[in-house]
Amino acid sequence: MQIVLDYLKRNQARFVAELCEFLRFPSVSAQPQHEQDLRDCAGWLANHCRHIGLEAKVCATAGHPIVIATTNRAKNSRKPHFMVYGHYDVQPPEPLDLWKSPPFEPRIAGRSLFARGSTDNKGQHFAHLKAVEAYLKTGTPLPCDLTFVIEGEEEVGSANLAKFLKSHRRELACATVVVSDTGMPSPEHPALTYSLRGIIAFEITLHGPSRDLHSGGFGGSVDNPALALSQLLGSLRDKNGRIAIPGFYDDVKPLTAYERKQLARLPITDAELQKLTGVKKLFGERGFTPTEQRSARPTFEINGLTSGYQGEGSKTIVPAWARAKITCRLVPDQNPARFRKIVCNHLKNICPPSVRMEIEAGHGAEAYLVSPTSPQAQAALRALRQAFNREPVLQREGGSIPIVNDFKKFLGADTLLLGLGLPEDNAHSPNEKFDLDCFENGQRMSALLWPELSRTA
Ligand code: BES
Ligand code: MN
């Protein structure tokens, strides 16, 4: 093992340079103009996997391609088989003017590597690839077979990966899936995340007049869709921060006293959270701590709100339509389809007759919850402890990785969420970065994990 760890130590500068190359692809899955960039990025990644000694292929899908890379797996191998999942697609970089350097021109400052996709998720799964490279290039036998599944549609709901898992369930069947696409509360607190929130996405459009109208000529006698939408959305939350949709909290199990106590031990204070987010004052559902609010309670969020004239100066119109992009986060035991119905039926019920409502459904996924006391989780905690030389924490997180439920459903495998991101990494925000110490410790964690995990299989 020491020879593997030494290899990692010796090669950090090259690894960082390679990661920068990977980060130069603007692989924005949500924007159709980047389709070729996603294909180029997948091609680069597969090539890189071959370069480090893996077998790799790029698998076309109805959307962006999936990269599959495997260690040389003997036909009758009796080694345990594990999967590493990651995503090479990234969130849109906008608003561009807030970036201190261009999002797809990686920049290093101190121990931070700035670029869109650095922490979410290229840097994180690249750490696992470098760990395998260390085994392969030093001729150190791996105690297990490994398959990397790196997709290009995580940030848009992973629709085609689910199909791919179904049709490749024999090839991909594995004991455990390892995913580094979450976070840790601080560089001193490596973490095993044992729960993620689920999600439903949809868009509401309110249609008013058949075209934008002169607001002097017609305003007052026709409804304004932007105002109607604002009122409608405004009615969805009470002053205590509770969502005022009947049934919204129906299936939510109360947190146990034990869990609340554990969550309260996580090393982030309200003051730090306020500073990190830049808000004037924290706000959330009354009766819950911010940690609980952002990891163990359902939410209703407006992600985007559009209507009328957005250009410079003023324009006196009654807009023809108004639109909101919405996502709700779900917690364990909430069924996405049922939840979607509850929310959408309520919206339709409260729509005034002066406008027409259209709801377009988007992606959806259940929350994830896995035992933090399983032998696999304990193995992961040992690897984290050794790699970071710190005591790891257990945490729930508020983000979603829709596909982890399908790993259980189609491959029968639980997922270990071993995130390397930091709260200050600016995932999905301008000036996203990845901490190079997290990168290096992550590689060590991955290297140490395989023997630990193999002993449990
Ligand atoms: N890496 C995140 C998931 C995440 C974020 C987990 C923070 C834990 C803490 C992932 O890439 C992501 O952003 N997922 C999307 C999924 C959605 C688009 C279906 C998310 O959570 O918004
Ligand atoms: Mn993300």
Side-chain angles (χ1 to χ4, degrees), residues 27-31 63-64 85-93 103 115-127 149-162 178-186 189 191-203 266 268 273 276-277 290-291 293-296 298-304 325-331 336 339-340 361-370 393-406 415-430 432-434 438 442:
S27 46
V28 184
S29 51
Q31 299 175 338
H64 306 305
Y85 162 82
H87 63 94
Y88 68 83
D89 66 319
V90 304
Q91 285 274 322
R116 171 57 90 228
S118 54
T119 190
D120 188 5
N121 167 259
K122 289 171 177 169
Q124 296 206 43
H125 65 257
F126 206 63
V149 175
I150 317 288
E151 70 154 320
E153 297 187 307
E154 196 274 346
E155 300 290 6
V156 290
S158 301
N160 293 298
L161 180 56
V178 173
V179 178
S180 292
D181 191 23
T182 49
M184 47 200 260
S186 89
H189 297 85
L192 171 69
T193 295
Y194 64 92
S195 181
L196 292 170
R197 285 193 288 192
I199 191 166
I200 61 163
F202 59 94
E203 280 188 35
L266 290 176
I268 179 152
L273 185 62
L276 186 65
T277 53
T291 298
Q293 288 160 356
R294 67 198 190 101
S295 66
T299 63
F300 183 103
E301 300 287 354
I302 303 172
N303 306 127
K325 289 180 186 285
I326 309 286
T327 52
C328 297
R329 296 286 169 172
L330 280 60
V331 296
F339 187 83
R340 190 189 289 280
H363 54 75
E366 287 171 81
Y368 188 67
L369 182 67
V370 71
V393 296
L394 296 173
Q395 63 175 357
R396 292 173 73 131
E397 283 201 274
S400 309
I401 307 178
I403 202 68
V404 294
N405 295 295
D406 295 323
T415 298
L416 291 171
L417 298 158
L418 302 169
L420 304 172
L422 293 173
E424 63 270 28
D425 275 355
N426 290 323
H428 295 206
S429 298
E432 177 177 351
K433 64 128 171 104
F434 189 40
C438 292

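The analysis underlying the following values was restricted to heavy atoms, covering all of them including side chains, and did not include hydrogens, waters or symmetry mates. Counting starts at 1 for both ligands and their atoms, in listed order.
Where the criterion is an N or O separation shorter than 3.5 Å, residue side chain and backbone included, T182 fails it with respect to ligand 1. Backbone and side-chain nitrogen or oxygen atoms of S400 are examined, and one is located within less than 3.5 angstrom of a nitrogen or oxygen of ligand 1. Between E155 and ligand 1, an N or O atom pair is found at a separation short of 3.5 Å.
Judged purely by distance below 3.5 Å, without hydrogens or angles, the side chains of E153 and N160 pair a donor atom with an acceptor atom. A donor-acceptor pair shorter than 3.5 Å cannot be found between the side chains of H125 and D181. Between the side chains of E397 and T193, at least one donor N or O sits under 3.5 Å from an acceptor N or O. Remark: the D89 side chain and the S27 side chain contain no N/O donor-acceptor pair separated by less than 3.5 Å. S295 and Q395 form no side-chain donor-acceptor contact under 3.5 Å, judged by distance and modelled atom types alone.
If you take OG1 on T182 and CG on L418, they are separated by 7.0 Å, rounding to the nearest 0.5 Å. For the atom pair CG (L196) and CG (L330), the distance works out to 12.5 Å, reported to the nearest 0.5 Å.
Screening E154, H428, E432 for a side-chain contact (heavy atoms from CB on, under 4.5 Å) involving Q91 leaves a single residue, H428.
Residue nearest to atom 11 (O) of ligand 1, selected from R294, E154, E153, H428: E154 (by heavy-atom distance).
For the pair Y88 and E151, the minimum side-chain heavy-atom distance is 4.5 Å or more.
Heavy-atom contacts of H87 reach the following atoms of ligand 1: 11 (O) (cutoff under 4.0 Å). With ligand atoms numbered from 1 in the order given, ligand 1 contributes 19 (C) to contacts under 4.0 Å with heavy atoms of P402.
When rounded to 10 degrees, the angle formed at the Mn ion (ligand 2) by NE2 (H428) and OE1 (E155) equals 90°.
For the pair G183 and ligand 1, no heavy-atom separation below 4.0 Å is found. Using a 4.0 Å cutoff on heavy atoms, Q91 does not count as a contact of ligand 1.
For D181, heavy-atom contacts with ligand 1 shorter than 4.0 Å involve the backbone as well as the side chain. Of all the heavy atoms of R329, the ones lying under 4.0 Å from any atom of ligand 1 belong exclusively to the side chain.
Without hydrogens or angle criteria, N405 side chain to E366 main chain gives a donor-acceptor distance under 3.5 Å.
Counting protein heavy atoms only, atom 19 (C) of ligand 1 is closest to H363 CE1, 3.3 Å. From the protein, the heavy atom lying nearest to atom 9 (C) of ligand 1 is E397 OE2, 3.3 Å. Regarding atom 7 (C) of ligand 1, its nearest protein heavy-atom neighbour is G399 CA, 4.0 Å.
Taking backbone and side chain together, D120 holds an N, O or S atom under 2.8 Å from the Mn ion (ligand 2). Contact annotation: E154 places no N, O or S atom under 2.8 Å from the Mn ion (ligand 2).
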